[in-house]
Engineer: 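After the structure tokens below, expect a handful of questions from me.
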Amino acid sequence: MAEHKKLANGFEYLQVCNERACARIALQGAHLFHYARTGEVPLLWLSEASFFEKGKAIRGGIPICWPWFGRHDTDPALPQHGFARNFLWQLVELDESDAGATGLTFSLKHSEASLQLWPYRFELLLHIMVGKTLTLMLTTKNCDKQSFEISEALHSYFAVSTIDSAYIQGLAGRRYYDALAGEDRVQQGNVFITEEVDRIYEEVQYPLLLHDSDRSVRVDGQGSSSAVVWNPWIDKCREMTDMVYDAYQTMLCIETANARQDQRSLRPGEKHSLTVIIS
Ligand code: TA6
């Protein structure tokens, strides 16, 4: 069943529950911020100190970074990770015909406000399938008369029991850009988190597996050959107003992306889809 919810401050989201799972999706950013399979603890992490306010990205779930990933290449005044996660999307389709899987489609189109930030005409569609598996497919259509480049990520925050019992399998041997060191390195073996980690992996071969003490999560990506791994660790976590001081211990980001060399160029009329399948 899908229910339209509104917080006291007017922040709107949809709560979707079926036989296999429940999810919550804010209209701002088409931001899925809760997903739990029936009878299980949430699979995605959500900060207990997250804002739920107009124009502020929710800390957790799967924020959409688009049409640029990270800081803007030339204008530092522009919002980090683009603007799609801060704009109000429209729910254009809701399919509850399957008792165990609910389909939702959200749309964001260019506007006067978006053209101020990024001078191209576009349509974004986010298709979400909530069931035993969670699928998000973000499709960009170039509605302009000129080509444009995008970098993007489905910035998934995963819940872990404790960070020192979690590790990522599937990135061994991959080159990555270490955003903290500012240099390229090569992954040796599985990814363990024992300090702040902020890496963009290249030529990623999905699936990736996130192993935790009591469960493993499979992350498949389509339309993506780059993946970001991030944990703020102690100091960065303390600096973040929407994370409690020890939040770094229970979260780990594995982001299915088109970042750095994997950014995409679209000609007029062309589409590109970035998909994550979490199971
Ligand atoms: O996940 C990679 C990253 O770019 C990190 O550098 C960190 O900034 C994180 O995204 C969170 O960004 P946000 O703008 O959501 O605070």
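All figures in this text were calculated on a predicted structure; none of them were measured in a lab. Read the numbers this way: they start at 1 and go in the same order the structure lists the ligands and their atoms.
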Engineer: With ring pair (Phe, Tyr, Trp, His ring centres under 6.0 Å) as the test, pick out the partner of Phe148 among Trp68, Phe122, Trp118.
Structural biologist: Trp118
Engineer: Could you check whether Arg199 makes a cation-pi contact with Tyr176, meaning its NZ or CZ is under 6.0 Å from the centre of the six-membered ring and within 45° of the ring axis?
Structural biologist: yes
Engineer: Anything with a heavy atom under 4.0 Å from ligand 1 counts, so go ahead and list those protein residues by chain and number.
Structural biologist: Arg59, Phe69, Gln80, His81, Arg85, His155, Asp198, Val228, Trp230, Glu255
Engineer: Among the clusters formed by ILVMFWY side chains lying less than 4.5 Å apart, do Leu154 and Trp45 turn up in the same one?
Structural biologist: no
Engineer: Identify all side-chain donor-acceptor contacts of residues 123-136 below 3.5 Å with residues at least two apart in sequence or on another chain.
Structural biologist:
residue	atom	partner	partner atom	Å
Glu123	OE2	Ser107	OG	3.4
His127	ND1	Leu104	O	3.3
His127	ND1	Thr105	OG1	2.9

Engineer: Does Lys5 make a cation-pi contact with Tyr13 (under 6.0 Å, within 45 degrees of the axis)?
Structural biologist: no
Engineer: Please step through ring pair (Phe, Tyr, Trp, His ring centres under 6.0 Å) for the pair Phe33 and Phe52, ending with a clear verdict.
Structural biologist: CA-CA 11 Å; Phe33 61 90; Phe52 283 87; 5.1 Å; yes
